[in-house]
Structures are given as structure tokens and as C-alpha cells.
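Read through the structure below, which is laid out as C-alpha cells, and then see the notes.
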Amino acid sequence: AQSVTQLDSHVSVSEGTPVLLRCNYSSSYSPSLFWYVQHPNKGLQLLLKYTSAATLVKGINGFEAEFKKSETSFHLTKPSAHMSDAAEYFCVVTMDTGRRALTFGSGTRLQVQP
Amino acid sequence: DAGVTQSPTHLIKTRGQHVTLRCSPISGHKSVSWYQQVLGQGPQFIFQYYEKEERGRGNFPDRFSARQFPNYSSELNVNALLLGDSALYLCASSIYAGTLPTQETQYFGPGTRLLVL
């Protein structure tokens with residue numbers, strides 16, 4: 001079975017300060033890991049994707065994530081938050097075999113204070 | 001290129017009714033997946049279809065069904081609606097090009113928000 005745990009339901013940062021959204025995963029097989037973002041009343045947008053090519057993955061809008069197998073983590077970071085980053089962020093896992101369904105974490109709501 | 005489109009955007013139904021939600025994938029994508037997102041939670045997998053065949057099913061009752069058409073568009077049907085079916089229903093499409101899920105990325109539509117009264 002596969003699962004993801006997002007360690008913080010809410011994160012609040014000031015504009016211009018770093019962002020860290022934490023995610024731990026559990027998977028019996030080689031996982032593919034994703035971060036998606038959902039702005040209010042919008043669908044899901046892919047931020048970045050890890051598929052074993054490189055452990056540090058760069059995404060859109062300045063976000064990046066590092067895959068750490070020893071810690072089973074895939075934390076999302078951004079050096080400097082912008083007001084437009086305020087949204088719900090989902091860490092997602094899928095297995096490298098079998099059904100291709102995405103398994104979502106419960107989400108982290110990021111607030112950016114001016 | 002147009003992204004994934006879904007219709008309708010919003011829907012209000014009463015308990016016991018039936019609903020049909022529609023999804024058109026990105027051009028060239030042959031796989032469609034459906035997810036249910038209850039308020040305050042992450043999306044949960046309902047179905048995946050590829051080339052008109054069901055390739056995966058999540059832990060949902062038989063009241064939920066889906067199908068995929070020759071043009072790769074898809075419908076999600078829910079019978080005997082319950083209050084708990086109120087949610088945002090998301091459709092995602094992918095190319096389903098290889099044998100490994102790592103070769104795929106699922107792209108999501110804006111969703112259909114269903115309210116059951």
C-alpha cells in the first residue's frame with residue numbers, strides 16, 4: 001500500500017521569507033512523487049514531479065523538492081514566498097507498478113502575510 | 001492547446017437523484033481518471049479508463065460508474081445520490097504512453113462542484 005503524510009495542515013509565512021511544506025511517503029515499490037497546488041475554486045496544477053532521475057527536482061514558480069529515500073521524505077521549498085503562492089498544496093504518490101491512481105495527502109494550506 | 005474541460009461547473013441535486021458529469025481530455029491523451037474531493041480533504045481516486053476500458057477502481061460503491069467514449073471523453077454517473085456525495089469531482093487526463101506510471105503525468109480539469117440537498 002502507498003500513502004503520504006503532510007505534516008502540517010496550515011503554514012503561515014511572511015512575503016519574501018522561505019517556504020517549507022513537509023511530506024513523508026510510504027510505498028512498497030519505487031514511487032513517483034508529485035506536488036500539486038490548488039488555488040481557491042480552481043483545479044489542481046502540477047508544480048513538480050520526481051521519477052528517480054534526480055533527487056532534487058525543480059518545478060514551476062521557483063518551487064523545488066528533494067527526494068530523500070533514507071528519510072522517506074519529499075519536502076517542498078521555495079526561497080522567497082510571494083502573495084500569489086497562497087493556496088492549498090498536495091503531496092501525491094503513485095507506485096511504479098500496477099494501478100496508476102494518484103494517492104493524495106490531506107493538504108497543507110499556505111498563507112502568505114504581507 | 002485546450003486543457004482538460006469538465007461540465008457542468010456547478011450542479012445542485014436532491015437525495016435519490018441521478019447525476020452525470022462530463023470530461024474532455026487534453027488532445028492526444030487517451031486516459032481519463034476521476035477523483036472526488038470532499039471539502040477540506042485531498043482528492044480520492046474513483047476510476048481510471050484507457051481506450052474505453054476500466055483500468056482501475058477506487059473504494060467507491062457501485063452507485064458510481066463511468067465510461068469512456070471513442071473520442072476519449074468520459075462520463076461519471078452517480079445513482080441514488082446521498083448527502084455525502086457533495087464534493088468537487090475532478091477529471092484528469094494523461095497520455096498513458098508507457099508501461100510505467102513514472103512516464104505519465106495527470107493533468108486536472110477545473111472540476112464539477114456537486115451539492116446534494
Side-chain angles (χ1 to χ4, degrees), chain A residues 1-10 21 23 25 27-55 57 59-60 67 74 87-109, chain B residues 2-7 9-10 23-26 29-50 53-60 66 87-113:
Chain A
Q2 59 192 25
S3 65
V4 287
T5 302
Q6 293 184 242
L7 301 172
D8 307 291
S9 58
H10 290 84
L21 305 183
C23 172
Y25 71 91
S27 176
S28 303
Y29 302 93
S30 300
S32 292
L33 292 158
F34 309 79
W35 278 96
Y36 281 85
V37 61
Q38 187 174 38
H39 288 92
N41 300 314
K42 299 282 188 181
L44 292 156
Q45 181 184 20
L46 178 69
L47 277 178
L48 50 81
K49 169 182 174 181
Y50 166 76
T51 59
S52 78
T55 57
V57 183
I60 62 172
F67 174 74
F74 190 59
E88 188 88 18
Y89 291 79
F90 292 98
C91 182
V92 182
V93 66
T94 188
M95 292 192 298
D96 197 19
T97 182
R99 195 178 69 182
R100 288 162 167 76
L102 301 178
T103 298
F104 284 76
S106 55
T108 298
R109 179 161 297 278
Chain B
V4 177
T5 59
Q6 293 186 243
S7 63
T9 56
H10 295 80
C23 171
S24 292
I26 292 171
H29 285 196
K30 298 182 177 182
S31 178
V32 168
S33 299
W34 288 95
Y35 293 81
Q36 181 196 63
Q37 186 178 17
V38 173
L39 196 62
Q41 298 180 19
Q44 287 199 306
F45 172 72
I46 310 175
F47 287 110
Q48 184 179 62
Y49 275 77
Y50 174 67
E53 290 189 7
E54 182 183 302
R55 292 300 179 100
R57 172 186 283 257
N59 188 25
F60 280 80
L88 180 67
Y89 289 85
L90 295 162
C91 173
S93 75
S94 61
I95 292 177
Y96 207 105
T99 58
L100 297 176
T102 53
Q103 298 177 9
E104 296 179 34
T105 295
Q106 293 192 21
Y107 296 90
F108 285 81
T112 293
R113 191 165 296 281

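In what follows, chains are A, B, ... by sequence order, proteins preceding strands, each numbered from 1. These figures come from a predicted structure and were not determined experimentally.
- Interface residue Leu46(A): only side-chain heavy atoms are found under 4.5 Å from chain B.
- Residue Gln44(B): no heavy atom, backbone or side chain, is found under 4.5 Å from chain A.
- Although no hydrogens or angles enter the test, the distance criterion places no donor-acceptor pair under 3.5 Å between the side chain of Thr9(B) and the main chain of Thr112(B).
- Annotation: side chain to side chain contact (heavy atoms under 4.5 Å, CB included) contacts of Gln41(B) (sequence neighbours excluded): Val38(B).
- For Tyr35(B), the part lying near chain A is the side chain, with the backbone staying farther off; criterion is any non-hydrogen pair under 4.5 Å.
- Comparing Pro110(B), Ala92(B), Gly42(B), Pro43(B) by how many heavy-atom pairs each has under 4.5 Å with chain A, the most go to Pro43(B).
- The contact between Leu88(B) and chain A is made entirely by side chain atoms (from C-beta outward), counting heavy-atom distances below 4.5 Å.
- No donor-acceptor distance shorter than 3.5 angstrom exists from the side chain of Tyr36(A) to the backbone of Val92(A), with no hydrogens or angles considered.
- Annotation: ring pair (Phe, Tyr, Trp, His ring centres under 6.0 Å) contacts of Tyr89(B) (sequence neighbours excluded): none.
- Of the atoms belonging to Glu88(A), not a single heavy atom falls under 4.5 Å from chain B.
- Judged purely by atom type and a 3.5 angstrom limit, Gln106(B) has no side-chain atom pairing as donor or acceptor with the backbone of Leu102(A).
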